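Single-structure report; data block below.
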Amino acid sequence: MLLPAHHSRDIERKPEYLQPEKCAPPARPGPAGTMWFIRDGCGIACAIVTWFLVLYAEFVVVFVMLIPSRDYVYSVINGVVFNLLAFLALASHCRAMLTDPGAVPKGNATKEFIESLQLKPGQVVYKCPKCCSIKPDRAHHCSVCKRCIRKMDHHCPWVNNCVGESNQKYFVLFTMYIALISLHALVMVGFHFLHCFEEDWTNLLKAYGLSRGDTAESQVSLQENKQPPKVSAECSSFSPPTTVILLILLCFEGLLFLIFTSVMFGTQVHSICTDETGIERLQRESRPREHRRSWRSVKETFGGDFSLNWCNPFSGPWQPEIPVDKDLVRQESSPSDTDVTDTTEHSEGTKDEDSVEVTDE
């Protein structure tokens, strides 16, 4: 019995149509603890830029605003909070970048493996012609990672990795912590500007003759004394122009990343609660499947019942060992899978015209 298929797919009754002879035997799994890393030039550059921007914010906050301040309680509290959030953000970035997002074994579309699935009438399997693997349900091929990824949401160049089943928690934490340190930095910059303009920098502008009433007198006084006006060390250890430039750049960076990461965080949380990936939402896939309850999906993503481990980038998601044949055999035909690359943090799906739908009588 043949099932109706999507117009872009070919139908055959025999699994030999998958051309398993063209697939190399599956590679042996690497040793435990093998690091996952994508060798993509654009992704590596974006990851380096991400670290540079976080370290730049760290430099400005600590050496321009906190250390020169005479309010030690203010400096210590804000220093501890900001550095803790920055550490957690970078740790989450590393985990999102170096964790296998849920890659399907490459080259497992061999004749022996297909026969071992023991397909029954009405069952179908799908092959990815690019990585020569049998696609599980809800898996999509990424042309950057060159692998099929389980529950792939999108490929993010900022973490140089796909966001998938096994690393979505770390990506969510990364966006959350970046948004928090951006907001924290903006608040501190605002207080710093108000404090310095109110006291020290107002006196500095008058001394340089930039005030309305004392312009001439100040210039004459400076020429006679031949000494630059003094600025309180409480504002900054750097010169006023340098301080202003550093703070303005930090404001632009903080505002940009606050908006960007807040949107990404909200999008990811919505995807987790609705049990729908970004690709599935863009494609509006109509194949019937069981949607898990929101709370169950959240617990599986973040690691069990609610606890502080949800915010811990060193604690993994709550997922059992993935069986080799998990979700490989399907009962119904489904719309075309996607070959996806995303360089702007929102996926652009394209139909995979070479995918094959197979039924076995």
Side-chain angles (χ1 to χ4, degrees), residues 35-38 43 46-47 50 88-104 135-142 144-145 147-180 260-283 285 289-322 326-327 337-338 340-342 344-347 349:
M35 180 181 298
W36 172 276
F37 184 76
I38 302 300
C46 289
T50 301
L88 292 174
L90 294 179
S92 301
H93 182 271
C94 286
R95 292 301 302 271
M97 179 172 58
L98 303 178
T99 299
D100 183 346
V104 178
K135 282 188 176 181
D137 189 24
R138 305 183 69 188
H140 301 273
H141 185 86
C142 175
V144 177
C145 299
R147 299 288 292 274
C148 285
I149 307 297
R150 295 177 182 272
K151 287 183 63 179
M152 176 181 170
D153 188 89
H154 67 286
H155 183 91
C156 176
W158 296 104
V159 298
N160 189 34
N161 201 1
C162 278
V163 178
E165 185 177 59
S166 301
N167 69 341
Q168 190 173 28
K169 170 186 175 178
Y170 309 128
F171 182 75
V172 172
L173 293 181
F174 168 67
T175 57
M176 181 183 73
Y177 287 128
I178 291 295
L180 289 177
F260 180 73
T261 55
S262 296
V263 171
M264 287 303 305
F265 174 77
T267 302
Q268 290 298 303
V269 172
H270 179 266
S271 296
I272 294 172
C273 292
T274 58
D275 191 27
E276 184 180 45
T277 66
I279 295 176
E280 293 168 347
R281 185 167 57 254
L282 289 175
Q283 288 190 313
E285 292 182 346
R289 64 179 179 83
E290 179 185 359
H291 285 261
R292 292 172 297 179
R293 293 178 297 176
S294 299
W295 186 243
R296 179 185 174 187
S297 179
V298 171
K299 289 197 300 182
E300 290 187 3
T301 301
F302 288 97
D305 295 327
F306 177 75
S307 67
L308 289 178
N309 277 333
W310 279 24
C311 301
N312 181 12
F314 301 99
S315 174
W318 184 36
Q319 290 177 345
E321 192 79 16
I322 299 176
K326 176 187 176 184
D327 299 332
D337 295 308
T338 55
V340 181
T341 59
D342 182 5
T344 58
E345 283 296 297
H346 62 277
S347 301

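What you see below is based on every heavy atom in this structure, not just the backbone, and it leaves out hydrogens, waters and symmetry mates. Predicted model, so just to flag it, every value in this text is computed and none were measured. Residue numbers start at 1 and run along the sequence shown.
Atom OG of Ser297 sits about 9.0 Å away from atom CZ of Phe302, to the nearest 0.5 Å. Distance CZ/Arg138 to CD1/Ile279: 10.5 Å, rounded to 0.5 Å. Taking CD1 of Ile178 as the reference point, atom CH2 of Trp158 lies at 11.0 Å (rounded to 0.5 Å). Remark: Cys145 SG to Asn160 CG distance equals 8.0 Å, nearest 0.5 Å. One finds the CD atom of Glu165 at 10.0 Å from the CG atom of Asp100 (value rounded to the nearest 0.5 Å). One finds the CG atom of Leu173 at 8.5 Å from the CZ atom of Phe265 (value rounded to the nearest 0.5 Å).
Using modelled atom types, no side-chain atom of His140 and backbone atom of His154 make a donor-acceptor pair closer than 3.5 Å. Proximity of a side-chain donor or acceptor of Asp153 to a complementary backbone N or O of Thr277 within less than 3.5 Å is not detected. Counting only distance, with no hydrogens or angles, the side chain of Tyr177 and the backbone of Leu90 share no donor-acceptor pair below 3.5 Å. With hydrogens and angles ignored, the 3.5 Å screen pairs no side-chain donor or acceptor of Lys151 with any backbone N or O of Asp275.
Side-chain contact check for Val172 versus Thr301: every heavy-atom pair is 4.5 Å or farther apart. A heavy-atom distance below 4.5 Å is found between the side chains of Ser315 and Lys169. Considering only heavy atoms from C-beta on, Val104 comes within 4.5 Å of Arg150 through its side chain. A heavy-atom distance below 4.5 Å is found between the side chains of Phe174 and Thr50. Contact annotation: the side chain of Ile38 approaches that of Val144 to within less than 4.5 Å [non-hydrogen atoms, C-beta and beyond]. The side-chain heavy atoms of Trp310 and Lys299, taken from C-beta on, include a pair separated by under 4.5 Å. At least one side-chain heavy atom of Phe171 sits less than 4.5 Å from a side-chain heavy atom of Met264. Looking at Leu88 and Pro313, their side chains come closer than 4.5 Å, going by heavy atoms from C-beta outward.
In summary, the side chains of Asn161 and Trp36 do present a donor paired with an acceptor at a separation below 3.5 Å, with no hydrogens or angles considered.
Heavy-atom minimum distance, Cys156 versus Val163: CB-CG2, 4.3 Å. Listed here is the closest heavy atom pair of Ala96 and Asn167: O-ND2, 3.1 Å.
For the side-chain hydrogen bond (donor to acceptor under 3.5 Å, both in side chains) test, residues two or more places apart in sequence or in another chain that qualify with Tyr170 are Arg95. Considering only residues two or more places apart in sequence or on other chains, Ser271 meets the side-chain hydrogen bond (donor to acceptor under 3.5 Å, both in side chains) condition with Arg281. Scored by the side-chain hydrogen bond (donor to acceptor under 3.5 Å, both in side chains) test, Gln168 finds Gln268 as partners (sequence neighbours excluded).
For Phe37, the CZ atom counts as densely surrounded, since its 6.0 Å shell holds more than 12 non-hydrogen atoms of other residues, nucleotides or ligands.
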